[in-house]
Amino acid sequence: MSFDFAARVERVEPSATLAISNKASELEAEGVDVVDLSVGEPDFPTPENIVAAGQDAMDAGHTGYTSSNGIKELREAIAAKLRDDGIDAASDEVIVTPGGKQALYETFQTLIDDGDEVVLLDPAWVSYEAMAKLSGGSLNRVDLAPYDFQLEPALDDLSNTISDDTELLVVNSPSNPTGAVYSDEALEGVRDLAVEHDVTVISDEIYQQITYGVDPTSLATLDGMSERTVTINGFSKAYSMTGWRLGYLHAPESLISQAAKLHSHSVSCAVNFVQHAGLEAIENTDDAVVEMRDAFRERRDMLADLFAEHGVDVPVGDGAFYMMLPVDDDDQEWCAGAIEDAHVATVPGSAFGSPGYARISYAASEERLREAVDRLAEHGYI
């Protein structure tokens, strides 16, 4: 039988990040020692209090369906957290999702029709493009690479890109893949353009709690933005809960009521006992978050110093746990060679819309990061 596949599926390619990770897994299955710096997954175990809360919730029988948008206690805790950030949030303006990626997917599907314009800031996380295409949207992009990945000096470029035809702008600060944290001036520039052209903005804040010496501003706190911002966040990165799959979106109630229809017909609800673990994460895990963040900062600084010793100047971001390593050759060939020859897994910058770079995740131990740099140097990749 020959299947007639839907056009929306054929518009997209598999995730480049997961493709590299799968290659690393294949080599490891063959007995090869691969330093995998391709996936943004903290190497810390989920904090013990969160694990215990999940186990206690299962023991207490929290294993059935919940209300589709999430248990009330967690939505109230999320709303309180958002209010602490300066966002005027209520619990009925929150949908709890199986991961931040699902929150993004539901937002794209709720807002974008065939032909609607979506603007991305490159380099942009690989799934934004796929989600836009799956929803039928058309893409317009602003390149931040010439500005050391910062948004503020690119505001003129953004102004020349956004128009009354733009339906959605995606802002990710702190950024994957660069670690850049956008300045208040940059976000105010976004606000001015969004208001002028009546554009909805996704503010993806999944790395909000992983910053170094700066306090990121939530876009929805700016005047004129609360009614046009969808704030996305989750538990995977800050709380090292990647496999638990728990995230959320906050938006005006009118958008929530529409997104909730998609949510109820697709995933029904996030896992019951995982939501209880998420409640524990928000309420009682600040010390563990600080400990992990401090470790990431030490790794970032060490890695930048190691590259500098080899004459490689790498832009250093103020958040997340990624670096964009400049490479002289074709970045896809460079990454393919690095994993085959040096057994170091990285992701081509072209997957994020910025060729000429390789993304490195420093969510790995200092020992493995040193090993990665040594191997890349030994095989002539730096």
Side-chain angles (χ1 to χ4, degrees), residues 15-17 20 37-42 100 104 119-129 141-155 157-158 161 169-187 189-190 202-217 219 232-233 236-238 293 296-297 299-308 312-327 331-332 334-335 345-364 369 372 382:
S15 166
T17 307
I20 293 290
L37 307 183
S38 66
V39 178
E41 181 169 32
L104 282 162
V119 173
L120 301 182
L121 305 175
D122 285 338
W125 180 52
V126 295
S127 291
Y128 297 146
E129 176 180 346
R141 314 180 79 124
V142 178
D143 186 9
L144 306 189
Y147 308 104
D148 288 331
F149 306 125
Q150 288 297 324
L151 176 56
E152 187 177 347
L155 284 175
D157 294 350
L158 182 60
T161 303
L169 167 66
V170 183
V171 176
N172 176 210
S173 176
S175 165
N176 174 10
T178 70
V181 179
Y182 301 144
S183 66
D184 285 355
E185 291 77 11
L187 298 182
V190 167
I202 288 177
S203 183
D204 183 351
E205 302 179 5
I206 190 70
Y207 297 96
Q208 178 195 35
Q209 296 187 71
I210 306 174
T211 58
Y212 316 112
V214 296
D215 293 319
T217 296
L219 196 57
I232 306 288
N233 211 323
S236 293
K237 311 301 183 179
R293 183 178 65 213
F296 290 138
R297 181 173 191 163
R299 296 171 184 182
R300 178 200 66 168
D301 294 344
M302 180 201 75
L303 193 56
D305 289 343
L306 290 173
F307 282 128
V312 181
D313 182 21
V314 180
V316 176
D318 291 321
F321 34 67
Y322 305 107
M323 280 184 179
M324 291 290 273
L325 175 68
V327 297
D331 57 290
Q332 296 191 43
W334 188 96
C335 290
T346 61
V347 185
S350 55
F352 305 94
S354 288
Y357 294 89
R359 190 198 73 171
I360 288 176
S361 167
Y362 51 87
L369 292 170
I382 57 174

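On a predicted model such as this, the values are computed, not experimentally measured, just so you know. Every heavy atom of this structure was used, including side-chain atoms; hydrogens, water molecules and symmetry mates were not. When a residue number appears, it is its place in the shown sequence, counting from 1.
Of the candidates Y207, Y362, W125, Y322 forms a ring-ring contact (aromatic ring centres under 6.0 Å, His included) with just one, namely Y207. For the side-chain contact (heavy atoms from CB on, under 4.5 Å) criterion with I202, the lone passing option out of L219, N172, L104 is L104.
The nearest pair of heavy atoms linking G179 to A320 is CA-CB, 4.2 Å. P216 and Q208 get closest at one heavy-atom pair: CG-O, 3.6 Å. Nearest heavy-atom pair across R293 and T211 is CD-O, 3.1 Å. Nearest heavy-atom pair, S361 versus G40, reported as atom, atom and distance to 0.1 Å: OG-CA, 4.0 Å. The minimum heavy-atom distance between E152 and S183, with the atom names listed, is OE1-OG, 2.7 Å. Across every non-hydrogen atom of A364 and L37, the tightest pair is CB-CD2, 3.9 Å.
At least one donor-acceptor pair under 3.5 Å links the side chain of R359 to the backbone N or O of S38. Of the possible polar contacts, one joining the S173 side chain to the Y182 backbone as a donor-acceptor pair under 3.5 Å is found. A distance-only check finds a donor-acceptor pair linking the side chain of R300 to the backbone of G317 [under 3.5 Å]. At distances below 3.5 Å, not a single donor-acceptor pair connects side-chain atoms of K237 with backbone N or O atoms of F321. With D148 contributing its side chain and Q150 its backbone, the two residues share no donor-acceptor pair below 3.5 Å.
The CD1 atom of I20 sits 6.0 Å away from atom SG of C335, with the distance rounded to the nearest 0.5 Å. Going from atom CG of L144 over to atom OG1 of T178 covers 7.5 Å, rounded to the nearest 0.5 Å. For the atom pair OG1 (T217) and CD (E205), the distance works out to 9.0 Å, reported to the nearest 0.5 Å.
With a 4.5 Å cut-off on side-chain heavy atoms, T346 and W334 count as touching. Residues P174 and D318 are not in side-chain contact: their nearest non-hydrogen atoms beyond the backbone lie 4.5 Å or more apart. Residues L325 and I382 meet the side-chain proximity criterion, which asks for heavy atoms closer than 4.5 Å.
Residues satisfying the salt bridge (Lys or Arg N to Asp or Glu O under 4.0 Å) test with D122, not counting sequence neighbours, are R141. Evaluation of the side-chain hydrogen bond (donor to acceptor under 3.5 Å, both in side chains) rule for D157 yields Y147 as partners, not counting sequence neighbours.
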Verdict with reasoning, L369 to L306, per side chain to side chain contact (heavy atoms under 4.5 Å, CB included): CA-CA 9 Å; L369 292 170; L306 290 173; 5.6 Å; no
Worked check of side chain to side chain contact (heavy atoms under 4.5 Å, CB included) between L169 and L158: CA-CA 10 Å; L169 167 66; L158 182 60; 4.2 Å; yes
Chi angles and distances behind the side chain to side chain contact (heavy atoms under 4.5 Å, CB included) call for V142, L151: CA-CA 9 Å; V142 178; L151 176 56; 5.8 Å; no
V171/L121 under side chain to side chain contact (heavy atoms under 4.5 Å, CB included): CA gap, chis, key distance, verdict: CA-CA 7 Å; V171 176; L121 305 175; 4.2 Å; yes
Working for side chain to side chain donor-acceptor pair (under 3.5 Å), residues Y212 and D301: CA-CA 11 Å; Y212 316 112; D301 294 344; over 6 Å; no
Could you go through residues 347-354 and list every donor-acceptor pair under 3.5 Å that involves a side-chain atom there, pairing it with any protein atom two or more places apart or in another chain?
residue	atom	partner	partner atom	Å
S350	OG	D331	OD2	2.8
S350	OG	Q332	NE2	3.2

